[in-house]
There are 2 protein chains.
Amino acid sequence: MKLTPVMEKYILHWGEMGTRWGVNRTVAQIHALLFLSSRPLNAEEITETLGVARSNVSTSIKELQSWGLLKTVSQMGDRREHFSTMKDPWELFYTIMEGRKQRELDPTMTVLRECVLESEIDNETPEEVKARIKDVLEFMETLDTWHDQIKDLPKSTLLKLIKLGAKVKNFLGKT
Amino acid sequence: MKLTPVMEKYILHWGEMGTRWGVNRTVAQIHALLFLSSRPLNAEEITETLGVARSNVSTSIKELQSWGLLKTVSQMGDRREHFSTMKDPWELFYTIMEGRKQRELDPTMTVLRECVLESEIDNETPEEVKARIKDVLEFMETLDTWHDQIKDLPKSTLLKLIKLGAKVKNFLGKT
DNA sequence: TATGAATTTCTGTTAATACAGAAATCAAAG
DNA sequence: CTTTGATTTCTGTATTAACAGAAATTCATA
C-alpha cells in the first residue's frame, strides 16, 4: 500500500507514542496503518508498507489481537487473512481501556487484596501502611466500578455526560 | 528504612506496573516507597531500602520531580533533601494524568493539526484518510476539554459525578 | 574563599528488548 | 497424500535501557 507523506507522519508518530504506552513501535504502527487504510490489509502488505520484518508483523498482529483491536476478514478467492481495525476513536479508546484494565487494574487489585489480607495477620506492618494500601485499593475499586458503568454506554450518552461534567463545574464554581 | 514483607510486595508490584506505563522500574519503586513511608526519606535511605545504585536514585528522583510527584522537605539540622509524595490516590491519579496529557495528548494533537494542514494542500492524501485523522483530532480535543473541566474538581465532586454516571446508565437502561 | 559533605554527571558494563531472516510447522485444496 | 501458501517458532544480532562506580560539581558553612 502506498503511503502519502501525511500518512507516513501519522503512522510514525503513532509508533513513537506506542512506546510510551508499553506496546512496541511496530505494534502501534501497524494499528495506525490499519486505522488509516480504506480496506483490510494482509500481513504481506503490512510488511511491505512499513518496511519491517514479516515475522515482526506476525508477532505484532497477535499482540493487537490480544487487545481485541483487530477484525479479521476473509476475502473471496484469497486464502490470506486480511486485517482491519475500528475506525471510531471512541470505540478504540474503550477497547484500549478495557485492555489496560485487564492488564493493569485487575492484577494490581489482586495484589492489593493479598497485601491487605497478609498485613492483617503479620503483626509487623504499621497501621498507617495498612491504611494507605486500603486507600489505593478502594480508589481502584471505584475506578473499576466506574469503568463497568460507562463501558457499554453509546458514544452519544458519553458526550452528554462530559457536557454534564462541565455544567457541574460551572454550578459549583458559582456557589 | 526497614520494609515488612507486605511493603516489599507492594513496592515490587508497583515497580512491575511502572514498566507498563513507560516509567522505569526504579522510578515506580521509589514512588511506591515514598507513598508507604510515614516520613520523608533522603536519597541515601531510598538507596539502602531498595538496594539500587545511588546514581539510579538520583536520576529517578529527577524523573519523579518532572512529573510533579515529589514534595521536597528540608529538615532542621540536616543538609540533605528529603522527599515525600502525596498520600491521596486521587491527587496522585490527577497528577499522573496531567503528566500524561503533557507528554502524550498535547504533542499528538500538535502532530495531528500539522497532518490536517498538510493534507489540505498536498493533493494526494485521500479524503477518507483526512476525515479519519480529523476524527482522531476531534476526539482528543474532547478529551482535552474534559480534562480541563474536571482537573480542578475536588475529590468529593468527582465522586458525585461518578455516581451520576451510574444513574444516567440506569435511566437509559430502562428506556 | 577554602573545606567537606552531598548531589549530579559521566563512563563503561550488563541486561533486556526489538528485530530480521531462516527453519519448522500448520492448514486447506486438489 | 502432496503441494502450496501462510504462520509461528527459533536463533543470532543490534539497539535501547538499567545500573554501578568514579569523577566532577555544587553549595552551605567556617
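Predicted model only: the values in this text are computed from it and were never measured. Heavy atoms only: backbone and side chains are in, while hydrogens, waters and symmetry mates are out.
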Pick base, sugar-phosphate or nothing for B/T26, based on heavy-atom distances below 4.0 Å to the nucleic acid.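 Sugar-phosphate, backbone atoms only, no base.
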
Reckon B/E81 touches a base, only the sugar-phosphate, or nothing at all at heavy-atom distances under 4.0 Å?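 B/E81: backbone/sugar contact only, no base atoms under 4.0 Å.
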
Heavy-atom donor-acceptor pair, A/S58 side chain to A/R54 backbone, under 3.5 Å: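 Looks like no, no N/O pair under 3.5 Å.
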
I need the [atom1]-[atom2] distance between [X] and [N], as an integer number of Å.
X     : N      : atom1 : atom2 : answer
A/I46 : C/dA20 : CD1   : P     : 14 Å
A/E16 : D/dT16 : CD    : P     : 10 Å
B/E44 : C/dA5  : CD    : P     : 13 Å
B/E63 : C/dT9  : CD    : P     : 14 Å
A/L50 : C/dC19 : CG    : C1'   : 14 Å
B/R80 : D/dA28 : CZ    : C1'   : 15 Å
A/N56 : D/dT13 : CG    : P     : 18 Å
A/E45 : D/dA6  : CD    : P     : 11 Å

A/R103 NZ/CZ over A/W67 ring centroid, <6.0 Å and within 45° of normal: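 Flagged: A/R103 positioned over aromatic ring of A/W67.
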
Taking the side chain of B/S55 as heavy atoms from C-beta outward, which of D/dA6, D/dT7, D/dG21 is closest to it?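 Comparing D/dA6, D/dT7, D/dG21 against the side chain of B/S55, the answer is D/dG21.
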
Donor on one side chain, acceptor on other, B/T125 and B/D122, under 3.5 Å: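 A pair is found: one side chain offers a donor N or O, the other an acceptor, under 3.5 Å apart.
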
Testing the 3.5 Å rule here: is there a donor-acceptor pair between the side chains of A/H147 and A/E98?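 Looking only at side-chain atoms, A/E98 and A/H147 do form a donor-acceptor pair, the distance falling under 3.5 Å.
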
Does the gap between the ring centers of B/Y94 and B/W90 come in under 6.0 Å?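 No, the ring of B/Y94 stays outside the 6.0 Å limit from the ring of B/W90, centre to centre.
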
Compare side-chain N and O positions of [X] against OP1 and OP2 of [N] and report whether any pair is under 4.0 Å apart.
X     : N      : value
A/S58 : D/dT7  : no
B/K62 : C/dT7  : no
B/R54 : C/dT7  : yes
A/N24 : C/dC19 : yes

Pairwise 5' ranking along DNA chain D for A/Q65 and A/R25, keeping only the more 5' one: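 On the 5' side of the pair lies A/Q65.
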
